[in-house]
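Encoded as structure tokens, the structure appears first; notes follow it.
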Amino acid sequence: MLSSRVLSLVGRRTLSTTGCLQGHAGVAKPETYSLPVYIDRRDAPLPDIAFVYNLTPEQKALKEKEKGTWASLNSKEKLDLYRIKFHETYAEMNKSSNEWKTILGGTLLFVGFTAFIVLWQRKYLYGDVPHTFSDDWLAMQTKRMLDMRINPVEGFSAKWDYDKNEWKK
């Protein structure tokens, strides 16, 4: 019985490892997050790859013409070559946008909605202020604490002059 158990375990192990080996026979395809990407950033002026990845026949012809003398290129062709490599110029990257208005509007909307909720809670959810917050109650509580001589060494009662009946200066 022991031998049949050992053989069944060995057989399972053999089958599982051959399945794993067969799974690794293919070509590994790189994940998209590991490939270089194009991004326009002012702090990194040269992106990893060109902006246009798949060139059209006109762009391929222009790239072949680029290999020759640049004096033969006109300004439109030079601009087209630039647009193949880069999406935006520095001036276009530095151009301000109106996105701040959207962010400010959303923030103010959120703050206004929150203030509305707080005011609603004060009016309908919370009750009246407890009587222990009134000035009379606080005066009676202070007098009681002084009469009981609460914390006489360094605390509340240490700051009261019992002979003159006033706070020490």
Notebook entry, point to check: Is the backbone of Gln59 close enough, under 3.5 Å, to the side chain of Thr56 for a donor and an acceptor to pair up by distance?
Noted result: yes

Check: What's the shortest heavy-atom distance between Pro47 and Tyr38, and which atoms?
Finding: CG-CE1, 3.2 Å

Checklist line | Euclidean distance, His87 NE2 relative to Ile84 CD1, rounded to 0.5 Å | finding: 13.5 Å

Note to self: Membership question, hydrophobic clusters at under 4.5 Å side-chain separation (ILVMFWY): are Leu79 and Leu73 in the same one?
What the structure shows: no

Notebook entry, point to check: Going by an N to O cut-off under 4.0 Å, is there a salt bridge joining Glu64 and Lys67?
Noted result: yes

Next item on the list: For Lys159 and Trp167, indicate whether the former's side chain and the latter's backbone hold a donor-acceptor pair under 3.5 Å.
Entry: no

Notebook entry, point to check: Does Met140 share a hydrophobic cluster with Phe156, counting links as ILVMFWY side-chain heavy atoms below 4.5 Å and allowing steps through other members?
Noted result: no

Margin query: Using a 3.5 Å distance criterion without hydrogens, assess whether the side chain of Asp48 forms a donor-acceptor pair with backbone atoms of Pro36.
Written below: no

Check: Can you tell if the side chain of Lys76 reaches within under 4.5 Å of the side chain of Asp80, non-hydrogen atoms only?
Finding: yes

Next item on the list: Consider only side-chain heavy atoms of I, L, V, M, F, W and Y, link residues closer than 4.5 Å, and tell whether Phe51 and Tyr90 are in one cluster.
Entry: no

Notebook entry, point to check: According to a 4.5 Å side-chain heavy-atom criterion applied to Ile, Leu, Val, Met, Phe, Trp and Tyr, with indirect links allowed, do Leu138 and Met145 form part of one hydrophobic cluster?
Noted result: no

Checklist line | For Met93 against Arg42, the heavy-atom pair lying closest together | finding: O-NH1, 3.3 Å

Check: Is the side chain of Tyr162 donor-acceptor paired with the backbone N or O of Leu146 at a distance under 3.5 Å, no angle test?
Finding: yes

Margin query: According to a hydrophobic-cluster definition based on side-chain heavy atoms being under 4.5 Å apart (Ile, Leu, Val, Met, Phe, Trp, Tyr only), do Phe86 and Ile39 belong together?
Written below: no

Check: Is there side-chain contact between Leu81 and Lys63, with at least one heavy-atom pair below 4.5 Å?
Finding: yes

Check: Does Asn151 offer a backbone N or O that forms a donor-acceptor pair with the side chain of Ser157 under 3.5 Å?
Finding: no

Margin query: Tell me the closest heavy-atom pair linking Thr132 and Trp137, and the distance in Å.
Written below: O-CD1, 3.3 Å

